[in-house]
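Every value quoted in this text rests on a predicted model; they were computed, and no experiment measured them. Letters A, B, ... mirror the listed sequences (proteins, then strands); counts begin at 1.
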There are 2 protein chains.
Amino acid sequence: MMNAKKFPDGSIDGLHNTVLDSGQLGNRVRDKRRKDGLTQQDLAAVAGVGVRFVSELENGKPTVQLNAVLAVLAALGLQLVVVEK
Amino acid sequence: MMNAKKFPDGSIDGLHNTVLDSGQLGNRVRDKRRKDGLTQQDLAAVAGVGVRFVSELENGKPTVQLNAVLAVLAALGLQLVVVEK
DNA sequence: ACAAAAAATTACCGTAAGGGAATAATCGAC
DNA sequence: GTCGATTATTCCCTTACGGTAATTTTTTGT
């Protein structure tokens with residue numbers, strides 16, 4: 001055991017980031033979107049959600065709905081994984 | 001790169017499971033809850049959500065809210081990780 | 001630094017849906 | 001059958017979401 005958090009950024013292997021709260025998820029989304037050179041509008045269009053939702057998601061809104069979150073992540077080529085703490 | 005998906009089940013280290021949709025998340029939650037010997041009521045109380053929410057979450061309701069999901073996962077000692085697909 | 005352009009955030013509205021609580025119905029084990 | 005757990009249903013209140021437009025922030029060029 002003891003496989004998690006070996007890296008300073010909290011990631012498991014430098015490519016993955018734990019998501020303990022919506023704020024961290026938002027940061028992760030924003031980073032990836034920018035890395036991909038997309039605007040919030042672009043991402044919203046691809047993911048099939050509203051622009052405002054992308055903005056709120058990136059800003060860590062806690063009450064975003066799971067399906068919309070998954071849609072955005074998928075549009076960015078990201079996935080969620082459940083891990084034991 | 002090439003650090004992800006070393007295991008057949010898509011997990012990072014054989015202990016983790018990817019969550020592509022809410023249905024899989026629900027299964028993960030139910031499995032863990034039962035393994036811990038908790039009722040939905042117990043889990044709901046610990047997580048600070050309603051019993052109905054736990055039921056719906058376990059049944060894969062797509063539109064559950066993220067904060068409530070995270071609360072339930074935390075109560076089960078589980079975490080979410082964002083990974084590149 | 002300044003101005004212009006682009007991007008992001010915020011407000012408003014209407015629709016649709018989530019969540020809690022309580023109840024009732026269903027399923028399971030003993 | 002009985003007891004406990006799980007799921008489904010109903011009522012009510014709150015709120016997320018999309019769309020548009022307005023505002024603010026950030027970026028870019030000169």
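In this structure, CD of B:Gln65 is placed 6 Å from P of D:dA16, rounded to the nearest angstrom. Distance, A:Gln41 CD to D:dT20 P: 11 Å, rounded to whole Å. Rounding to whole angstrom units, CG of residue A:Asn27 and C1' of C:dA8 are separated by 15 Å. Spacing between atom CG of A:Leu66 and atom C1' of D:dT15 amounts to 17 Å, rounded to whole angstrom units. The interatomic distance linking B:Leu57 (CG) with D:dA8 (P) rounds to 14 Å, in whole Å. Rounded to whole Å, atom P of C:dC27 lies 15 Å from atom CD of B:Gln40. In this structure, the CZ atom of B:Phe53 is 17 Å from the P atom of C:dA17, given to the nearest Å. One atom, CD of A:Glu58, and another, P of C:dA7, lie 14 Å apart when rounded to the nearest Å.
At least one side-chain heavy atom of A:Leu73 sits under 4.5 Å from a side-chain heavy atom of A:Leu25. Side-chain contact between B:Leu76 and B:Leu38 is present, with at least one heavy-atom pair separated by less than 4.5 Å.
A salt bridge links A:Lys32 and A:Asp36; the closest N-O separation between the charged side-chain nitrogens and carboxylate oxygens is under 4.0 Å.
Residue-level contact check: B:Glu56 touches the backbone only, with heavy atoms under 4.0 Å from sugar-phosphate atoms and none from bases. Within 4.0 Å (heavy atoms only), A:Val64 reaches sugar-phosphate atoms of the nucleic acid but no base atom. Contacts of A:Arg34 with the nucleic acid, taken as non-hydrogen atoms under 4.0 Å apart, are absent.
A donor-acceptor pair under 3.5 Å is absent between the side-chain atoms of B:Asn59 and the main chain of B:Glu56, judged by distance alone.
Using a 3.5 Å distance cut-off with no hydrogens or angles, the side chains of A:Glu84 and B:Gln79 do not pair a donor with an acceptor.
For A:Arg52, no side-chain nitrogen or oxygen approaches OP1 or OP2 of C:dC13 to under 4.0 Å. Between A:Thr39 and C:dA7 there is no side-chain polar atom (N or O) within less than 4.0 angstrom of OP1 or OP2. Between D:dC17 and A:Lys61, a contact under 4.0 Å exists linking OP1 or OP2 to a side-chain N or O. The shortest distance between the side-chain N/O atoms of B:Ser55 and the OP1/OP2 oxygens of D:dT6 is not below 4.0 Å.
Nearest to the side chain of A:Arg33, among C:dT9, D:dT7, C:dA8, sits C:dA8. Comparing C:dG20, D:dA8, D:dT6 by their closest approach to the side chain of B:Asn59 singles out D:dA8.
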